[in-house]
Protein chains: 2
Amino acid sequence: MTKMSKKKAAILQAATALFATKGFADTHMSELSSVTGAAEGTIFYHFKNKEHILLTILSDTKVSIVDEFNAHMDDREFETGMEMMEEVVAFYLLFAGRMEYQFLILHSLFIYRLAESRAEFRDNLEAIYDCLVTFFEQAIIKGQEDGSIGDVNPRKSALIVFTMVDGLVRFKNFNLYDAGALFNELIDSVRRMLKPN
Amino acid sequence: MTKMSKKKAAILQAATALFATKGFADTHMSELSSVTGAAEGTIFYHFKNKEHILLTILSDTKVSIVDEFNAHMDDREFETGMEMMEEVVAFYLLFAGRMEYQFLILHSLFIYRLAESRAEFRDNLEAIYDCLVTFFEQAIIKGQEDGSIGDVNPRKSALIVFTMVDGLVRFKNFNLYDAGALFNELIDSVRRMLKPN
DNA sequence: TTTCCGACTGAGTGCTCAGTCGGTTTTTTT
DNA sequence: AAAAAAACCGACTGAGCACTCAGTCGGAAA
C-alpha cells in the first residue's frame, strides 16, 4: 500500500463503517465530513464521487482477502484435506470477524446492483468469491486424494460449504444470532458432510 | 385478505419489486407512481409514508410464509424425520423461487436496520425466522425419534441447515450462481450431515 | 335530488443532498 | 527562500426528493 494522506485514510475507514451499517444511499457526505473532520471539498478532492469511495473500499477489500488468505494458507502444511478444510472454515470465520464492516458490505444488496452494470465492481466481487471458493475446493480435492474426504463433486460441495460458512457470518452480522455459538456445530456438520462413508 | 382497491394492490406489488431490486432508499415515489399509473397523492392516500409501504409488504410476507408453510406441511404425513427434512428443504427452495422479491427484501440490509429501532419490523422478522427454523427443528426431532437422524442438537443443527438453504437462495437471488444446479448436492449434504453414524 | 364519502389527482413546497468552486494552508522541490 | 504542487477548506448551488393539499369524480345512502 502506497502512503496515503491521513485524511484520505480516515475517509475510507469511516466510509467503510458507515456504508456497512447505514447502507450506501443513507450515508451522506455531510456525515462523512463531520465524522472524519475532513471538509466536504476534501472528500471530493480525494475521490471523484461517492461511488468511487465505495469502489476503493471494495478493491482494498479484495486485496486484503486474497492476500491474507493466501498468506495464511501458504504458511502451513496440512496432514489431510479434512484438516485443511477445518482450517479454511476457522480462518474464514476469524477473518470475517476482523473485517466485519467489509463483510457487511459484501452482503449488501447495493454492491450487487452496481456489479450488474459496472465491470469494476463485478470484477472485484468475482475475484473475491473465486478466491474463497477455490480454497474450499482445494481442501476437498486434497482430502479426496488422501482419503479423508468422500467422493463428492469438489466444486459443488465447496460452494455448499461456502454457503454455510458465509451464511453464518451474515446471520451474525445482521444480529440474527451469534455465529460463535454455532462454531463447533458447524465444524461437525462439515466433517459429517464430507467424510467418506 | 380483505378486498383492496386496484391501485393499492398495484402499489404494493410494484413497491415489492422495486424495493427488492433497487433497494428502499433508491426507490422513489415518482417511480412508484409512474410504474403503477397511480398519482403520487394516491400513494400517500393509501400509505401514510414510504416506510409504511415497506412495513405492509413485510407483514404480508410474514403472513404468506407462515400460512403457506403450515398449510403445506399439515397437508402431508412423513414416514421419517429425514423425509420431512427433505420436504422442508425442497419446499423452502420452491417457495423462495415463487416469492423471489420478498426473499430479496428479507436478505436486504435496510430491513435489519429498521428492525433494530422499530418493533413492528422486528416482530415480523422474528416471526418469519422462528417459523422457518422451527420446521427444520421439528424434522430433526422427529428424525431422532424414529432413528433416521443422528444425535445432534436439534435447534443448532436446524439453524445450520437453515443457513445453508437460505444462503443458497441468497446466492441465487444475488445472481452469484444458480441454486437449482446445486439442489441435489444440497439434499445429499443435508442427508450426510444428519444421518446417524 | 341532494348529500356525502372514499378513491384519486398533480402542481406545489421546503428541504436534503452530491458535487463545485475559489481560495487558503501545508508540504515538497528547487 | 522562493516556487510549485498537493492537501484542504466550507459556503454555495441546483437537482431531486418525500410529502401536502385543495380539489375532482363517481357512485351509494338519505
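Side chains are part of it too, since the values below use all heavy atoms of this structure and drop only hydrogens, waters and symmetry mates. A note on names: the letters A, B, ... follow the listed sequences, proteins ahead of strands, and every chain is numbered from 1.
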- Message: By the 4.0 Å heavy-atom rule, please label A:S34 as base, sugar-phosphate, or nothing.
- Response: nothing
- OP1 or OP2 of D:dC8 sitting under 4.0 Å from any side-chain N/O of A:S5? yes
- Find the distance B:Y45:OH to D:dG23:P and express it as a whole number of Å. 19 Å
- Message: Quick check for you: among D:dC19, C:dT9, D:dC9, whose closest atom lies nearest to any side-chain atom of B:K50?
- Response: D:dC19
- Query: Considering residues, nucleotides and ligands other than B:N197, do more than 12 of their heavy atoms fall under 6.0 Å from its CG?
  - Reply: no
- Note on the structure: Regarding the side chain of A:H46, the nearest nucleotide among C:dA18, D:dC8, D:dC9 is D:dC8
- Listed nucleotide nearest any side-chain atom of A:T42, set C:dG19, C:dG10, D:dC8: D:dC8
- Is the base of D:dC9 touched by the side chain of A:E40 through a donor-acceptor pair closer than 3.5 angstrom? no
- With the threshold set at 4.0 Å, does a side-chain nitrogen-carboxylate oxygen contact exist between B:R122 and B:E116? no
- Task: Using a strict 4.0 Å threshold on nitrogen-to-oxygen distance, state whether B:R98 and B:E68 make a salt bridge.
- Result: yes
- Message: Distance check needed: C:dT27 C1' versus A:K6 NZ, whole Å only.
- Response: 15 Å
- Just to confirm, is there a sub-4.0 Å distance from OP1 or OP2 of D:dA18 to any side-chain nitrogen or oxygen of B:H28? yes
- Please determine, for the side chain of B:K7, which listed nucleotide (C:dT9, D:dC8, D:dC17) has the closest atom? C:dT9
- Atom CD1 of B:I11 and atom P of D:dC19: how far apart are they, to the nearest Å? 14 Å
- Query: With a 4.0 Å cut-off, would you call A:E86 and A:R191 a salt bridge?
  - Reply: yes
- Hey, does A:T36 reach any base, or is it just sugar-phosphate, or nothing, if we go heavy atoms under 4.0 Å? nothing
- Round to a whole Å and report the spacing from CZ of A:F44 to P of C:dG22. 17 Å
- A:R113 (side chain) donor-acceptor with B:T21 (main chain) under 3.5 angstrom: yes
- Please state how far atom NZ in A:K22 lies from atom P in C:dT16, giving the value in whole angstrom units. 14 Å
- Would you mind reading off the distance between B:M29 atom CE and C:dA11 atom P, rounded to a whole angstrom? 17 Å
- Distance in angstrom units between A:K8 NZ and C:dT27 C1', rounded: 17 Å
- Message: Measure CD/A:E31 against C1'/C:dA18 and give the value in whole Å, please.
- Response: 14 Å
